[in-house]
Amino acid sequence: MVYLRFLLCFLFVSNVYATIVSHDGRAITIDGHRRVLLSGSIHYPRSTPEMWPDLIKKSKEGGLDAIETYVFWNAHEPTRRQYDFSGKLDLIRFLKTIQDEGLYGVLRIGPYACAEWNYGGFPVWLHNMPGMVFRTTNKAFMDEMQNFTTMIVDMVKKENLFASQGGPIILAQIENEYGNVMGPYGESGKAYIKWCANMAQSLDVGVPWIMCQQNDAPQPMLNTCNGFYCDNFVPNNPNTPKMWTENWTGWFKQWGGKNPHRTTEDVAFSVARFFQRGGTFNNYYMYHGGTNFDRTAGGPYITTSYDYDAPLDEYGNLNQPKYGHLKQLHDVLHSMERTLTYGNISTIDFGNSASATIYKTEEGSSCFFGNGNEKSDATISFQGESYFVPAWSVTILPDCKNEAYNTAKITTQTSMMVKKPNEAEDTPSTLKWSWRPENMDNFLLKGKGESTQTQLFDQKVVTNDQSDYLWYMTTVKFKKRDLFLGKNMSLRVNSTAHVLHAFVNGKHIGSQHAENDKFNYVFEKDVKFKSGRNVIALLSITVGLANYGAFFESKPAGITGPIFITGRNGDETIVKDLSAHKWSYKTGLIGFESQLFRTESMSKWSVESVPFNRTMTWYKTTFKSPLGNDPVVVDLMGLGKGTAWVNGNNIGRYWPAFISSKNGCDANCNYRGAYHAEKCLTNCGEPTQRWYHVPRSFLNAEGDNTLVLFEEIGGNPSLVSFQTTRVGSLCANVYEKSIIELSCDRKPISAIKFASFGNPDGNCGSFVKGTCESSNNTVDILTQECVGKEKCSIDVSTKRFGTPDCSGAVRSLAVEAIC
Ligand code: GAL
C-alpha cells in the first residue's frame, strides 16, 4: 500500500513536470507532446511572498500553463559580490510556488531586463567600474554578466528547478530585446550577441534559451517576438516555433501621465490572431504588474504602481472582464492543442481583411475566422453555414462548425472596483500627525558635504544610486564693490536632475522638475547675493534611472552643468561660470540616514502646530489595520512628492501633486483598430497616482501601525486615509444564447440596479433600456437568482427572459448589480 502510494505520487509528479523540452518549427514539445502554451509575467519583487500563492493560483485558474519572470540583478547584488535573496527577492521560493501550483516557469535572466525597473536591472556599481561599457564586447562587463548569470543558473540547478531536472522551468532567456537597439553598437554588438549565445549555452541548463526581438539570434537560441501584435512575426530559423514573449496587456505609467487601458477585446484579438497564424507560445506582459516598492521604479519617472491594466490588477484582484474573457480563450485554445500543433494548415482569403484558417488532422479540424478590418463587420460563409464576425475580431470554432468564442463578444462581467474607508478606525480620515523638519543646516548654511571636487559629476557616479538625493554645494565670494553685486543677478543651472531644489544662503530660491519627457532643462532664478561668502546648495533628486535604449547607462542624471551666475548692467551681461568651482558633495538626506522611518526610531517628533505645505518635512501617524482581507491602499491625496513607509517598509515614491494634462482622454474607447499607448486613456487632469498599495503582510492585524512620510515639496497630510479596494458593482451586456456568471468576488451580491432583456444600450453605470424589451420583470428574475449569493450563473435565453420583438436583431441582456 505504501509502495503503491509512493508509485502514484511519483507518477503524478513526473506527469506534471517535464523532463525533456525540445522544439521544432511547430511548437515547444514537452515530454513528447507539442504544446500550445499560455504564459503570464509576474515579477516576484513587485509583490510580496505572501501574495505569490494567490497570484499564481489565480493565474492557473485563468488558464495559464506558465509564469514568466525576469531576474533583477541590481536587486540581488546591490553591492558587488554581496547578494540578497530575502523576502520579496526570494527567487527560489517564487519558483517553488510556481512548481507547487503545477505550472511551468519561464526564467528571463537577462541580466538586462528593461521592465521599467530601475536602471533596467543593472547595478549602478557596475557602471562605476573602470572602463565599463554595458551590453557590448567589453571584458569587464562580460565578466560581471557571466558571473551573475552563472550564479543564478547554479542556484536554480541546485534546487532541480529546470525541466531537464524534473523541475518547472521550460525556457530561459539571455539578454533582452538587444536587436531593437544594437545598431549603434556596430560590429561589437554582433559579436556580443554571439558571445551571449555561447555563454548561455555553456551553462548547460537542459532547456532551450530564448532571445527576444533578436532576428540574428545565433542557433540554437530561439528568437521570439515582443509587441502588441505578433501575428506577422516569422522566426529566423524554420526550426524555431513562433513564440511571443511579451504580449503587452496594457502599458506602464509615468509621473505626469494618464491611466493606460488596452481593451479586453483587443488583447483577445491579438492572441487569437497569433494562434490563427501559427503561434504556439503566448506570454502576457504583464499578467500581474504589481508595485514598484522602494526605489525599484525605472525611468525616469515610472510610477510606483505597475498595474499595467493586466488581467490581475496591482493588488491581485481580478481585472474583469480581461481576466475572464482571456480565460475562456485559453480554454478554447487548449481544447484544440492537437490540431493546432499537428494539423495541416490551409487558409481562405475572403477579401476585405477577412480570412479563415483551418487546422486539419486525421481526427478532426479546428477553425479560426478572422476579421482584421477596423470598421466593417463580416459575414463568413463556410461549409454551408454563415457566421457573423464583428470588425477587428476572431471567431474560434474547435470543430469548424460551432462558434465557441469570438474575441469581441464578451460574456464576462465588468467589475467596477471601489475604495472603502478603513472600518477599523473610530474616526476615519482624521489621523493624528506628528512631524519633524529635515535637518539641512550643514548644507544650506555651511555648504559642507562629504567630498569635494572641482568638477560637476553625474549623480550616479557620486551616489552609486544609494539614494535619490545628492547635494551639490559651493561657496561664492563677492567683494563689496564687485561689479556683479546688485546687478539683477540670477543663478542659471543646466540640469538633468529629475527634480531640483535650489537654495542660496539658506533660502529656497526655487524648484523645478523635468516635464513632458524633457530631462534636460535650464533652471534660472533671480538671486540677491551679498558681499562676502554666499552658499549655493542644489539638491538634485533622481526619480528612477533610465532603463531603455542604446548606451542608456550613460544617460546623464543630476547636475552636469554648466552653472552660471549672471549679472546685468544695462546692456551688458556679466557671466561667472561656476562649473569648475570647488563643489562639495553629499549623498542622501539626514533623516534617511538616521532612519526616521523605522518604527523603533527614538528621534523626537512634535505634535504641536503640524505644518502644511512645508518643504522637506517628515510626518508620522499611527493607524489600525483595516478589517477583513481586501487589499489595502493609502490615499495620499493632498501630499506633494516624497517617500512613504508603513511599519518601516518602503512602499515607494509618491507624487500625487503631479497632475496629468486635461486633454487626451477617450470616454468612448473603441477597441477596433491597432492599440497604441495614447489610445483609451483615462484619468485626465487628475494626479497620476493617488493610491499606494500597502500589502497586508506589512501590517499588524492587531495593535498600531505606523505610517511615515518624507514630504519634499510641501503637502497637506490631513486628507491621508487608509482604504480597502474591492468590487463595488458589476455589469454585463451579453447576447442571448450565452451564459453569464455574476460574482462579487467572495461577497454576496446585494441588489440588482438595472436589468433589461431586449436591445439595451449604454455602458456600465449608464445603461438605458432600448426600443424593445421583454415584458417579464427582468430585475425580479435576476434578484431571485442572484441577490444574497456570492455568485450566480444566468442562462441568457428567451426561455428564461421572454421573447421581446427586436425586429430580428440579436437580443441581449444588460445588467448592473451592486456588491
Ligand atoms: C519591452 C521590454 C520590457 C518592458 C516593455 C514595456 O521593450 O522588453 O521589459 O520594458 O517593453 O513595458
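Start at 1 and go down the list; that is how both ligands and their atoms are numbered.
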Please identify each residue that fulfils ring-ring contact (aromatic ring centres under 6.0 Å, His included) with Y654, with sequence neighbours left out. none

Who's the nearest protein heavy-atom neighbour of atom 10 (O) of ligand 1, and how far? E116 OE2, 2.7 Å

Under 4.0 Å between heavy atoms, the region of A113 that gets near ligand 1 turns out to be backbone

Go through ligand 1 atom by atom and flag the ones less than 4.0 Å from a non-hydrogen atom of A115. 3 (C), 4 (C), 9 (O), 10 (O)

Against the six-membered ring of F293, is K88 placed for a cation-pi contact (under 6.0 Å from the centre, within 45° of the normal)? yes

Does F252, backbone or side chain, put an N or O under 3.5 Å from an N or O of ligand 1? no

Please determine whether a side-chain nitrogen of the Lys or Arg among D468 and R653 lies less than 4.0 Å from a carboxylate oxygen of the Asp or Glu. yes

Give the atoms of ligand 1, by number and element, whose distance to some non-hydrogen atom of Y308 is under 4.0 Å. 6 (C), 12 (O)

Interfacing atoms of ligand 1 (cut-off 4.0 Å, heavy-atom, N176): 2 (C), 8 (O)

Result for side chain to side chain donor-acceptor pair (under 3.5 Å) between R46 and one of T296, T69, N292 points to N292

Would E177 count as being in polar contact with ligand 1, using the rule that some N or O on each side must be under 3.5 angstrom apart? yes

Determine whether the side chains of Y675 and R262 contain a donor N or O and an acceptor N or O closer than 3.5 Å. no

Examine the side chains of Y178 and Q213 and answer whether a donor and an acceptor come within less than 3.5 Å of each other. no

Region of N180 that comes within reach of ligand 1 [heavy atoms, distance under 4.0 Å]: neither

Run the numbers for me: atoms of ligand 1, each under 4.0 Å from some heavy atom of Y285, listed by number. 3 (C), 4 (C), 9 (O), 12 (O)

F94: partners by ring-ring contact (aromatic ring centres under 6.0 Å, His included), with sequence neighbours left out: Y44, W52

Would you kindly specify which portion of E246 sits under 4.0 Å from ligand 1, judged on non-hydrogen atoms: side chain, backbone, both or neither? side chain

